[in-house]
Amino acid sequence: MSSVLTVYYSRKGENYFGGSIRSIAKGNTERVAEYIQKAVGGDLFELETVREYAKDYHECTEEAMAEKKSNARPALKKLPESIDQYDTVFLGYPNWWGTAPMAVFTFLDAFDFTGKTIVPFCTNEGSGMGTSEKDIRKECPGANVASGLSIRGSDAERSETKTAAWAARNVK
Ligand SMILES: Cc1cc2nc3c(=O)[nH]c(=O)nc-3n(C[C@H](O)[C@H](O)[C@H](O)COP(=O)(O)O)c2cc1C
């Protein structure tokens, strides 16, 4: 059984790319997550919300802002059965309004991460990790939260070499 889990939230469809809106079939974070799993092995798990966000980019940013303001915990379609077997959890997400989407916190609330290492990675259009590392530490006080990898969303496709090297350094 593998001791590494790569879990991520990623939104396909309309997204913002360095000044223009484009529609993408595979989310930026999803791409990076796949590079990590390819590099270090282990299991890959996608977090999906029960209620889909608006296809329209601007509408989605408004929904996300409302969820952030109310500190919501949007329901997820499914969760891993258990995380007991994993020592290292790579946790990926887009930067939404300066931190991870609230759905990521739904996942964090569902398990006890005491003694585990959480290794965050975040795609974004310039805000980097934002406050997400601090917010994850607060949500999972018993976990060791490594410093994260920030990738510009529009560079995600070209990030395999960098991502794989970083991932390898973060597995015990
Ligand atoms: C709701 C929403 C809020 C966003 N907020 C930010 C932000 O505050 N800072 C930033 O740099 N990028 C922001 N972005 C851009 C995304 O972080 C970026 O496009 C990311 O690569 C999307 O990843 P995904 O395709 O895996 O969902 C936002 C995008 C969305 C949809």
S.K.: State whether the number of non-hydrogen atoms from other residues, nucleotides or ligands found under 6.0 Å of Glu52 atom CD is greater than 12.
M.R.: no
S.K.: For the residue pair Asn124 / Ser150, report whether a side-chain donor-acceptor contact shorter than 3.5 Å exists.
M.R.: yes
S.K.: Taking atom NZ of Lys138 as the centre, does the number of heavy atoms from other residues, nucleotides or ligands within less than 6.0 Å exceed 12?
M.R.: no
S.K.: Determine the sole option in Leu47, Leu44, Leu91 for which the side-chain contact (heavy atoms from CB on, under 4.5 Å) test with Tyr8 is passed.
M.R.: Leu44
S.K.: If I take atom OH from residue Tyr53 and atom NZ from residue Lys12, how far apart are they, to the nearest 0.5 angstrom?
M.R.: 14.0 Å
S.K.: Salt-bridge test for Arg73 and Asp109: reply yes if a basic N is under 4.0 Å from a carboxylate O, no otherwise.
M.R.: yes
S.K.: If only side-chain N and O atoms count, and only distance matters, is there a donor-acceptor pair under 3.5 Å linking Asp135 with Thr99?
M.R.: yes
S.K.: Surrounding NZ of Lys134 (heavy atoms of other residues, nucleotides or ligands, distance under 6.0 Å), is the total greater than 12?
M.R.: no
S.K.: So, Arg158 side chain and Ala156 main chain: donor-acceptor pair closer than 3.5 Å or not?
M.R.: no
S.K.: Surrounding CD of Glu48 (heavy atoms of other residues, nucleotides or ligands, distance under 6.0 Å), is the total greater than 12?
M.R.: yes
S.K.: Is the shortest distance from a Lys or Arg side-chain nitrogen in Arg31 or Glu160 to a carboxylate oxygen in the other one below 4.0 Å?
M.R.: no
S.K.: Give the C-alpha distance, both sets of side-chain angles, the deciding distance and a yes or no for ring-ring contact (aromatic ring centres under 6.0 Å, His included) between Trp166 and Tyr35.
M.R.: CA-CA 11 Å; Trp166 170 83; Tyr35 293 151; over 10 Å; no
S.K.: Can you see whether Ser147 engages Glu133 through a side-chain donor-acceptor pair at a distance of less than 3.5 angstrom?
M.R.: no
S.K.: Rounded at 0.5 Å granularity, tell me how far CZ in Arg51 sits from NZ in Lys77.
M.R.: 12.5 Å
S.K.: Are the ring centres of Tyr86 and Phe111 closer than 6.0 Å?
M.R.: no
